Amino acid sequence: MTPRYEPHEIEAKWQRVWEDEGAFHVPNPVAGEPTAENHWYQLEMLPYPSGPSLHMGHVLNYTMGDVQTHVRRRSGWHVVRPMGWDAFGLPAENAAIREGKHPRETIERNIETMRAQMKRLGWAIDWDREVSAHQPTFYRWTQWLFQQFVKNDLCYRREGPVNWCPNDQTVIANEYVVDGHCERCGAEVELRNMTQWFMRTTAYADELLEYPDAEWPARTMAIQRNWIGRSEGAEILFDVEETGDDIAVFTTRADTLFGATFFVIAPEHPFVAAHASEEAKEYARHAGARPVEERAAATKKTGVFTGLHAVNPVNGEKLPIWVADYVLMDYGTGAIMAVPAHDERDGEFAETFGLPAQVVIDDDGKLVNSGRFDGLPAEEGARAIVAELEAEGRGKPTVHYRLRDWSVSRQRYWGCPIPFIHCEQCGVVPVPEEQLPVILPDIEDYAPKGKPPLAANEEYMAVECPECGGPARRDPDTMDTFVDSSWYFLRYIDSHNHEAPFDRFVVDYWLPVSQYIGGIDHSTGHLLYSRFFVKAMNDWGMVGFREPFARVFHQGWVQLGGTKMSKTKGNVEGPDEIVDRYGADAVRLYILFMGPADQDMEWTPDGVEGIVRFLRRLWRVVHEVAEAAPAEGAREGSLARKANETIVRVTDDVLRRFQFHTPISAVMELVNELSGAVDAPDARFATETAVSLIQPYAPHVAEELWAALGHERLWEEPWPVADESQLVRETFELVVQVNGKVRDRLEVDSGLSEDELVARARESERVRSYLNGGEPRKTIVVPRKLVNFVV
RNA sequence: GCGGCGGUGGCGGAACUGGUCUACGCGCCGGACUCAAAAUCCGGUGCCCUUCGGGGCUUGUGGGUUCGAAUCCCACCCGCCGCACCA
């Protein structure tokens with residue numbers, strides 16, 4: 001008598017077993033003792049506990065990692081798979097503000113909920129390694145690392161224009177300004193001049209363009225390269241005739257230098273205030289104040305002549321200097337030579353103001369009207385011109401980047417305190433290491449008001465200067481939460497270490513992360529920052545590797561009703577109610593079955609029903625087989641062969657192809673074949689294989705069915721290996737084509753020679769009717785597949 | 001404008017290295033069970049013809065390479081994503 005499939009009972013039961021046994025705890029290697037060679041660090045981006053629940057995107061993400069973890073573990077790999085919480089930062093704080101609670105209260109409650117949800121989904125996580133960014137045991141080391149960056153001149157303080165979000169009342173990084181708006185709240189970002197801490201990401205700009213041995217999606221590398229925006233060109237000095245000043249321009253088209261007919265500087269260029277006409281200064285004051293997006297959107301170009309001239313170093317021509325807002329101060333040098341014949345924007349400007357144009361590159365891409373450089377191909381001409389200017393000290397090849405240093409100071413409460421002290425006598429002094437961590441005080445009024453909330457807390461702010469002992473002030477800002485997430489994956493490896501952020505030996509063993517799974521939206525932020533962190537730490541000898549993530553995979557968005565699930569759209573469906581209805585195994589299977597995991601997918605309730613049906617069918621078939629099939633089952637036969645083929649497919653898909661939906665289809669096929677032959681001699685073997693292969697996806701029901709088949713501890717059972725001898729078929733279906741069109745299919749013996757295959761194919765009545773009794777011009781034989789006659 | 005990814009039934013998708021296009025699932029149609037329905041089970045299902053033997057056509061469009069193309073090459077169309085008055 002087959003018992004009913006009761007997912008909730010089964011799931012709770014096995015989750016308890018795994019928890020009690022510490023089934024997924026993985027110890028670190030110990031120095032001096034033998035270590036397992038084939039190790040795997042499976043990591044998915046850690047969640048923000050800012051919302052009250054996991055969403056289906058998390059479910060997709062972590063289930064994928066879970067399948068990978070189970071298959072690897074059971075294939076003999078040493079797999080570490082930790083979890084933690086990105087608990088600091090704006091989203092968490094804003095959520096707390098909405099609830100009228102302290103951020104600590106909100107996020108700690110959210111963490112509780114999410115952890116319970118994760119356990120309910122049965123994910124094989126090593127909870128012993130859990131960390132959260134807001135715990136002093138974690139942020140002590142975030143502060144310590146921050147000081148190392150400062151010590152190594154990779155973090156510095158500077159006054160300069162920064163992006164200010166008027167709604168969130170804080171500076172935000174360039175990476176989180178989208179079209180001039182705050183990525184989080186959508187408010188229009190203002191530029192403010194402030195003294196801020198910056199991480200010197202630009203120090204690694206060139207290296208960040210390279211991905212040695214990394215298996216990253218082409219998309220992600222392209223996004224990062226775009227963001228870094230490396231541009232090779234030359235800097236050329238122009239002398240201002242009236243003042244004798246030198247102004248540098250940056251150009252990628254030195255070959256068009258003879259085509260320069262005027263000269264343009266940005267409104268913010270210091271030369272404007274120093275020397276330009278009153279009219280030009282007036283223009284600059286207005287134009288410079290307009291945001292870049294507005295400038296770009298303008299349909300007509302604007303500008304004013306300064307009354308001054310720049311001398312073209314290559315031919316002595318005097319070019320009128322204009323101020324115009326289409327030239328930006330923060331790219332290149334803030335000044336350009338304008339070549340209207342070969343640059344669209346310069347062309348537009350010239351047309352608007354009636355300035356001349358000069359063609360210097362002909363249709364063949366060769367230089368003309370360029371004096372002694374005439375006839376050279378453009379690229380060669382550019383090199384020759386720059387070389388000549390360099391000899392005269394008027395130019396040199398240079399490289400410019402779009403990437404800017406990462407601003408990390410936040411004028412908000414809920415973040416990692418910055419471990420520096422400001423002393424009037426001694427300047428900016430690090431908090432002594434033995435005094436770390438600087439504890440984030442529990443304050444009542446943490447609401448943002450334009451000034452960092454900590455600044456109002458005298459108890460926190462007033463300190464003794466560690467150097468002179470005099471009165472000094474703490475840094476009232478907190479760190480960008482992306483500082484926390486730039487190294488959390490290292491802390492997971494050694495989360496109980498009280499002496500150091502981590503031990504190099506264990507980190508070098510596990511890292512780089514073997515497979516990192518997370519959203520592509522982190523390409524120019526978290527993923528870039530983490531690479532920067534690891535390169536720096538490698539340079540200081542803290543770690544023995546240079547890239548944090550060997551392989552990266554981006555999950556698609558889970559959509560509901562055609563749009564990405566999001567709280568603002570109100571179409572979020574959390575996992576709880578779906579697990580309530582169908583059980584965790586069904587949810588896990590369906591989220592992966594919907595389609596390729598890196599594509600956006602639409603959540604449809606009907607689809608889940610199909611998976612539930614499959615689980616019930618599996619349940620029934622297994623129980624029937626347990627009763628009907630011979631106990632000492634045969635390992636050969638058509639079912640056994642199907643089972644072996646399924647082993648090959650599932651294993652290859654998960655381990656090599658990183659594809660998760662097709663293995664489910666493969667097991668479904670196997671179960672479909674089984675359901676008609678539960679008493680076959682090889683049915684038991686095929687059934688055990690099916691249960692074993694589905695275990696990474698549906699570990700609870702698989703464990704229960706494994707027990708029904710008379711075994712135990714499937715989660716530790718070695719991953720099935722295909723019996724090669726059973727993969728060989730005695731016969732196969734020979735496809736016979738005439739002129740590439742399929743005309744017949746014949747079941748033939750696998751041992752036939754090519755000639756015999758052709759002979760069999762020619763015997764076919766249907767094929768004969770297409771051959772019309774004649775001889776084929778050509779015959780193609782693909783062994784074990786097909787014969788093609790060309791007539 | 002520059003860069004990246006994609007386009008296969010009614011739907012999600014499979015086909016990995018050029019070799020049987022449409023696996024698996026959803027939906028739909030028919031049947032069994034039932035007083036009835038749900039659930040479950042069995043069978044069918046790309047499109048168009050058909051004398052029911054079968055025939056023709058199908059992977060965004062057009063061309064090419066090849067015995068053979070969803071797959072490789074060229075051009076174009078459409079969609080999504082990143083960067084962008086970046087000199």
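Owing to the predicted nature of the structure, the values given are computational and were not obtained by experimental measurement. So that the names make sense, note that chain A is the first sequence line, chain B the second, and so on, each numbered from 1.
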Inset, instruction - With ring pair (Phe, Tyr, Trp, His ring centres under 6.0 Å) as the test, would you mind laying out the steps for A:Phe349 and A:Phe262 before giving the verdict? - result: CA-CA 10 Å; A:Phe349 192 84; A:Phe262 57 103; 5.5 Å; yes
Legend entry - Worked verdict on A:Glu775 versus A:Arg762 for salt bridge (charged side-chain N to carboxylate O under 4.0 Å, His left out): CA-CA 10 Å; A:Glu775 275 300 304; A:Arg762 295 199 63 165; 3.2 Å; yes
Inset, instruction - Kindly indicate, with the supporting measurements, whether the criterion side-chain contact (heavy atoms from CB on, under 4.5 Å) is fulfilled by A:Trp216 and A:Leu527. - result: CA-CA 11 Å; A:Trp216 280 45; A:Leu527 287 175; 4.2 Å; yes
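Nucleic acid contact class of A:Val327 (heavy atoms, under 4.0 Å, all strands): base. If you check every strand for non-hydrogen atoms under 4.0 Å, A:Ile223 touches sugar and phosphate atoms only. Within the nucleic acid shown, A:Gly229 has no heavy atom closer than 4.0 Å to any nucleic acid atom. Within the 4.0 angstrom heavy-atom criterion, base atoms lie near A:Asp652. The residue A:Gln659 sits close only to the backbone: its heavy atoms come under 4.0 Å of sugar-phosphate atoms, none of a base.
OP1 or OP2 of B:rC67 sits under 4.0 Å from a side-chain N or O of A:Lys778. Between A:Arg613 and B:rC26, a side-chain N or O to OP1/OP2 separation shorter than 4.0 Å is present. Dashed line: the shortest gap from a side-chain N or O of A:Asn788 to OP1 or OP2 of B:rU20 is not under 4.0 Å. Contact check, A:Arg657 against B:rA15: a side-chain N or O comes under 4.0 Å of OP1 or OP2. Proximity of A:Arg219 to the phosphate of B:rG3: no side-chain N or O atom is located under 4.0 Å from OP1 or OP2.
Distances were taken from every side-chain heavy atom of A:Val790 (C-beta onward) to each of B:rC85, B:rC67, B:rA87; the shortest belongs to B:rC67. Out of B:rA87, B:rC24, B:rG3, the shortest distance to the side chain of A:Met668 is found at B:rC24. Candidate nucleotides B:rA87, B:rC24, B:rA14 were compared by shortest atom distance to the side chain of A:Thr662, and B:rA14 ranks first. In this structure, of B:rG19, B:rU20, B:rA87, it is B:rA87 that holds the atom nearest to the side chain of A:Thr251. Distances from the side chain of A:Arg402 to the nucleotides B:rC83, B:rC24, B:rC67 place B:rC83 closest. Closest to the side chain of A:Arg616, from the set B:rA39, B:rA23, B:rA87, is B:rA39.
Nearest-nucleotide assignment on RNA chain B puts the 5′-proximal partner with A:Asn739, out of A:Gly332 and A:Asn739. Across the interface with RNA chain B, nearest-nucleotide mapping of A:Ile664 and A:Ser675 shows A:Ile664 to be the residue nearer the 5′ end.
For B:rG9, the glycosidic angle deviates from 0 by 90° or less, giving a syn base. Using a 90° window around 0 for the glycosidic torsion, B:rG53 falls inside it and is classed as syn.
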Inset, instruction - Could you summarise the pairing of RNA chain B as dot-bracket text, marking Watson-Crick and G-U pairs under 3.5 Å with ( ) or [ ] inside the strand and | across strands? - result: (((((((..(((......[....)))((((((.......))))))((((....))))..(((((..]....))))))))))))....
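Spacing between atom CD of A:Gln224 and atom C1' of B:rC81 amounts to 15 Å, rounded to whole angstrom units. As a whole-Å value, the separation of A:Glu609 CD from B:rC26 C1' is 11 Å. Nucleotide B:rC21 holds its C1' atom 14 Å from the CG atom of A:Leu786, rounded to whole Å. For the pair A:Glu235 CD and B:rA87 C1', the interatomic distance rounds to 12 Å; values are reported in whole Å. Taking atom NE2 of residue A:His522 and atom C1' of nucleotide B:rG82, one finds them 16 Å apart after rounding to whole Å. In this structure, CH2 of A:Trp227 is placed 12 Å from P of B:rG82, rounded to the nearest angstrom. As rounded to whole Å, 18 Å separates atom P of B:rG19 from atom CG of A:Leu757. Between the CD1 atom of A:Ile228 and the C1' atom of B:rA84 there is a distance of 16 Å, given to the nearest Å.
Using a cut-off of 4.0 Å between Lys/Arg side-chain N and Asp/Glu carboxylate O, A:Asp206 and A:Arg230 are scored as salt-bridged. Under the 4.0 Å criterion applied to side-chain N and carboxylate O atoms, A:Arg649 and A:Glu645 are not assigned as salt-bridge partners.
The cationic atom of A:Arg784 (NZ for Lys, CZ for Arg) lies less than 6.0 Å from the six-membered ring centre of A:Phe732 and within 45° of the ring axis.
Between the side chain of A:Arg777 and the base of B:rC67, no donor-acceptor pair under 3.5 Å is found. Below the 3.5 angstrom threshold, one finds no donor paired with an acceptor across the side chain of A:Asn226 and the base of B:rC83. Between the side chain of A:Glu733 and the base of B:rU20, at least one donor-acceptor pair of N or O atoms lies under 3.5 Å.
A:Val654 places a side-chain heavy atom less than 4.5 Å from the side chain of A:Pro663. Residues A:Val791 and A:Tyr770 are not in side-chain contact: their nearest non-hydrogen atoms beyond the backbone lie 4.5 Å or more apart.
A:Thr731 and A:Glu747 form a side-chain donor-acceptor contact under 3.5 Å, judged by distance and modelled atom types alone.
The aromatic rings of A:His623 and A:Trp619 are tilted relative to each other, their planes meeting at an angle between 30° and 60°.
Checking A:Trp227, A:Phe482, A:Tyr529 one by one against A:Trp406, the ring pair (Phe, Tyr, Trp, His ring centres under 6.0 Å) holds for a single residue, A:Tyr529.
On the C1' atoms, B:rG62 is 29 Å away from B:rC11, given to the nearest whole Å. Only the P atoms considered, B:rU8 is 10 Å distant from B:rU61, to the nearest whole Å.
Within a 6.0 Å radius of CD in A:Glu756, more than 12 heavy atoms belonging to other residues, nucleotides or ligands are found. No more than 12 heavy-atom neighbours from other residues, nucleotides or ligands sit within 6.0 angstrom of CD on A:Glu379.
Of the possible polar contacts, none joining the A:Arg531 side chain to the A:Phe549 backbone as a donor-acceptor pair under 3.5 Å is found.
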Collect all protein-nucleotide pairs involving nucleotides 9-13 of chain B in which both atoms are nitrogen or oxygen and the distance is under 3.5 Å.
unit_1: B:rG12; atom_1: O2'; unit_2: A:Met594; atom_2: O; d: 2.5
unit_1: B:rG13; atom_1: OP1; unit_2: A:Gln599; atom_2: OE1; d: 3.0

List every contact pair, protein side and nucleotides 44-55 of chain B side both N or O, where the distance is under 3.5 Å.
unit_1: B:rG55; atom_1: OP1; unit_2: A:Tyr770; atom_2: OH; d: 3.3

